[in-house]
Amino acid sequence: MPEGHTVHRLARALTDLFAGQRLTVTSPQGRFAGGAALLDGRVLAGASAWGKQLFVDFVPADGGTRAPDDVRVLRVHLGLYGAWTFAGDGSAVVVQAIGAPRRRIGETETLPPVAGALDEPVPLPRGDESPASASGPEGDVALEVVADAPVPDWQPPAPRGAVRVRLRGVHAVADLTAPTTCEVLTPSEARAVVERLGPDPIRWGDAARAGTEPDPHDDPQRFVDAVRRSRTPVGARLMDQSVVAGVGNIYRAEVLYRARLDPFRPGSSVPVEDLRAVWDDLVELMLDGVRTGAIVTTLPEDRVPGGTTGRHRVRQNSDAVPGAVPSDASFYVYHREGLPCRVCGNPVLVREVAGRNLYSCATCQR
DNA sequence: AGTACATGTTCAT
DNA sequence: TGAACCTGTACTT
């Protein structure tokens, strides 16, 4: 799945593309017909991410009060396979797709940075081209509306596959497929979901970067305390969204490696300073993930030129942009079972922890 | 064509 | 601990 950085990118994409617009909301697949009817014709007020949870606020179009009673919140969790794909009228610059790593619906590490740092705007595919030619620059491109007037006569492409929700705005459509959760909540119900989550390194980092007051919800001390409260292995604690929100299987393995921490160390035995360092590293890595759309954890000196040999999975859509870190050089341990550790040369191990494959180096991580 | 796989979570046992 | 769930892609026959 998309880890937290992906969901934060999505929140920005949806806000940048649709905020303030009255949307047509449908469920081409039909499984969300009831929910779509609750949102159809409303104005998208904004979208936000907490860990891997995406919330999209809708308010009445007729100048409702925006009182909590008037707000309906679309809550989406992408699960393992969920993704959004976008298509537009050519007047907007927008992400193509964000979600599970696939060819068509793939997030890649070869992308321009997100809005605000984009050098060359890339127009959306108009949706009237063949899939191959419509793919354009691969992957996940920042978005920014560059023209106010919608292109006349533009018709969005027919939904491809099982589209649970389609949001249609002035310039573009966003299609959601395969979410594990897609529901309409009241604001207080949405708040209850957030309150079950641990602190989110991306939200904390965003506040720090903006120089604004961070939400106490995202205070790293909550993370440190939660890990140390339990004898459960630290490698399992990091996957618990009530301990830290937004970390997934890649960030878990990689951040433990970078800290040289043995994933099987009981949480209660990990020094506070080490957990502080893990948090700081998560903030840095995940903010970078939001900026670039890719997870890259290797230091330049640890990347083997030309990549590694051996049969391990590499991501789709990779290596297309000059200067991008190749997908097979991005990680220290993730998906590198049996390959030599980039630092000590001993084979990378896999073991199942918290129901997922956890990769590590027994020599480097103690 | 069938099958394995995927950056996830929840519920049952 | 295991199964179920959401779907598309890439690989194998």
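Given the structure is predicted, the values throughout are model-derived calculations rather than measurements. Convention: sequence-line order gives letters A, B, ...; per-chain numbering from 1.
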Which one, C:dC6, C:dG8, B:dG8, comes nearest to the side chain of A:Y81? C:dC6
Nearest to the A:E3 side chain among B:dG8, B:dT9, C:dG8, which nucleotide is it? B:dG8
A:L80 atom CG is separated from B:dA4 atom C1', nearest whole Å, by 13 Å
Just the rounded figure in Å: distance from C1' of B:dA6 to OH of A:Y359. 11 Å
Quickly work out the A:D240 CG to B:dG8 P distance and round it to whole Å. 13 Å
Across the strands shown, which category fits A:R252 at heavy-atom distances under 4.0 angstrom: base, sugar-phosphate, nothing? nothing
How is A:R196 classified with respect to the nucleic acid when contacts are heavy atoms under 4.0 Å: base, sugar-phosphate, or nothing? nothing
From CD of A:E337 over to P of B:dA6, roughly how many Å is that when rounded to an integer? 11 Å
Send over the distance from A:Q241 CD to B:dT9 P, rounded to a whole Å. 4 Å
Atom CG of A:N357 and atom P of B:dA4: how far apart are they, to the nearest Å? 16 Å
Within the structure, does a side-chain N or O atom of A:Q29 lie under 4.0 Å from either OP1 or OP2 of C:dC6? no
Can you tell me how far P in B:dT9 sits from the matching atom in C:dT9, rounded to whole Å? 22 Å
Run the numbers on A:H171 and A:F18 for ring pair (Phe, Tyr, Trp, His ring centres under 6.0 Å), then give the verdict. CA-CA 8 Å; A:H171 299 283; A:F18 292 134; 9.3 Å; no
Quick one: which of B:dA6, C:dC6, C:dT7 gets closest to the side chain of A:Y334? B:dA6
Do A:T298 and A:R303 get their side chains close enough for a donor-acceptor pair, meaning under 3.5 Å? yes
Atom C1', compared across B:dT10 and C:dG8: separation rounded to whole Å: 22 Å
Expressed as a whole number of angstroms, how long is the span from A:D175:CG to C:dG8:C1'? 14 Å
Kindly assign one of parallel, tilted or perpendicular to the pair A:Y257 and A:Y332, based on the angle between their ring planes and the thresholds 30° and 60°. parallel
N/O (side chain, A:R31) to phosphate O (OP1/OP2, C:dC6) under 4.0 Å: yes
Applying a 4.0 Å non-hydrogen cut-off, can you work out what A:E352 is touching in the nucleic acid: base, sugar-phosphate, or nothing? nothing
Counterpart residues, ring-ring contact (aromatic ring centres under 6.0 Å, His included), relative to A:F32 (two or more places apart): none
Sticking with atom P, work out how far C:dA3 lies from B:dA4, rounded to a whole angstrom. 14 Å
Atom CG of A:N249 and atom P of B:dA6: how far apart are they, to the nearest Å? 10 Å
Under 3.5 Å, is there a donor-acceptor pair between the A:R276 and A:Q221 side chains? yes
Between the side chains of A:H8 and A:D206, does any donor sit under 3.5 Å from an acceptor? no
Report yes if at least one side-chain N or O of A:R164 is closer than 4.0 Å to OP1 or OP2 of C:dC6; otherwise report no. no
Under 4.0 Å from OP1 or OP2 of B:dT9: is there any side-chain N or O of A:H77 that close? yes
